[in-house]
Amino acid sequence: MTILTRTVLLRRLYSGNSIPGSAIRTCHKMQVLSCETSGAGSPDDVAELAATRATIQAVSSNSSTGDDSRRVTSDGPPFAVFSQTTDPQEVTPSVRTYLKQLARVANNAAASLACGSILAGHTSEADEYGDVAVWLGPGDFGPGHERDALAALGLADKIPRDGRIREVQISPETGLPATVRLPSETTGSVIQLRELLGHLRQARVFTVDGSPMVLYLLLGRYSSEEQSGVAGLLGLGIET
C-alpha cells in the first residue's frame, strides 16, 4: 500500500470522536489510549498512523452491525488499546512510555521487513493494518484464558463460534513470531523490538481466525517500578 493510499485511509477512518479521558466509561467499548500531542510529520509517520488507526477501526467495529465501538482518550495519535475495566488515569507514565515505544518500534520493524504487522508478518496478504500496543493490567490472561483477554478488550464478538483460536510459535532464535521471515542482516528497529519484547515475561502469541481477517494478540507480563500487569501487541492480517 502506498503512503498516499494510507493517508487517504487515515482521513477516512478517523474523525474526532474523542472524549476527555476522565469521561471514559466501560460499557462494552474498546478503550483507546492516545497521545496528547497531535499527529505525525514525516510520510513514514503518516503511513504508520493510518495503519494503526485502520487496525483499531477494524477490530472496534461490531461484526454484526458495523457500528464503531471504541472510546478514545484524546484527539492525538492512538498507540494502545486497553481493558474495559482500566481507568485510563491509572495507567502510569512508565507504562504509557513503554506502550508508546512498543507500538512505534513494532511498526517500524514491520516496515523494515516489508510487512504491515509484525505479528501477522509475511503470512498476511495485505499491509494496511499495523500493530497497536495492549494493556490489560492485572489478571490471569495466560493459556486457557484467551477469551478472557478478548472480552476484556471489548472484542467478545470477535471470538469464533467454532473455537478457532490457535497458538503462534515465538522463535527462540529471533524472539519474534514464526510468521516473520528475518533477512540475514537484522535491522536496528528489529533489534529494538526484541529488546522491548524482552521486558515481557512468559510472552505468547495467539490468533483468532475470522477469515479472511485474522486477529493476533501477543501478551506477556510487564513490570515497572510504578505498575505491573499484562501488556503486549494487537495486530491484524488478511489470509484467504
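A quick note: this is a predicted structure, and the numbers were derived from the prediction, not measured.
Taking CG of Leu150 as the start and CG of Asp148 as the end, the distance is 9.0 Å to the nearest 0.5 Å. To the nearest 0.5 Å, atoms CZ (Phe206) and NE2 (His145) are separated by 11.5 Å. Annotation: the span from Ser112 atom OG to Ile118 atom CD1 amounts to 6.5 Å, rounded to 0.5 Å. Note that NZ of Lys100 is 10.0 Å distant from OG of Ser34, once rounded to the nearest 0.5 Å. If you take CG on Asn108 and CG on Asp131, they are separated by 11.0 Å, rounding to the nearest 0.5 Å. Atom-to-atom distance recorded for Leu113:CG and Leu182:CG is 6.0 Å, nearest 0.5 angstrom.
Remark: Gln202 engages no residue in a side-chain hydrogen bond (donor to acceptor under 3.5 Å, both in side chains) (not counting sequence neighbours). By the side-chain hydrogen bond (donor to acceptor under 3.5 Å, both in side chains) test, Ser94 is found to be paired with Thr92, Ser224, Glu226, residues two or more places apart in sequence or in another chain being considered. Remark: Gln101 pairs with no residue by the side-chain hydrogen bond (donor to acceptor under 3.5 Å, both in side chains) rule, at least two apart or across chains. By the side-chain hydrogen bond (donor to acceptor under 3.5 Å, both in side chains) test, His199 is found to be paired with no residue, residues two or more places apart in sequence or in another chain being considered.
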Trace of the side-chain contact (heavy atoms from CB on, under 4.5 Å) decision for Phe79 with Thr52: CA-CA 7 Å; Phe79 61 88; Thr52 300; over 6 Å; no
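Residues Leu33 and Trp135 are not in side-chain contact: their nearest non-hydrogen atoms beyond the backbone lie 4.5 Å or more apart. Taking the side chain as every heavy atom from C-beta outward, Gln227 and Tyr98 never approach each other to under 4.5 Å. Looking at Leu155 and Leu234, their side chains come closer than 4.5 Å, going by heavy atoms from C-beta outward. Inter-residue side-chain proximity for Leu102 and Leu197 is flagged as met; some heavy-atom pair is nearer than 4.5 Å.
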Would you give me the side-chain donor-acceptor pairs under 3.5 Å for residues 213-223, sequence neighbours excluded?
unit_1: Tyr216; atom_1: OH; unit_2: Thr123; atom_2: OG1; d: 3.4
unit_1: Tyr216; atom_1: OH; unit_2: Glu239; atom_2: OE2; d: 2.9
unit_1: Arg221; atom_1: NH2; unit_2: Gly139; atom_2: O; d: 2.8

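Residue pairs that meet the salt bridge (Lys or Arg N to Asp or Glu O under 4.0 Å) test with at least one member in residues 192-204, sequence neighbours left out, are Glu146-Arg204, Glu167-Arg204.
Between the side chain of Thr55 and the main chain of Gly130, a donor-acceptor pair closer than 3.5 Å is present. In this structure, the side chain of Ser171 does not engage the main chain of Leu176 through any donor-acceptor pair within 3.5 Å.
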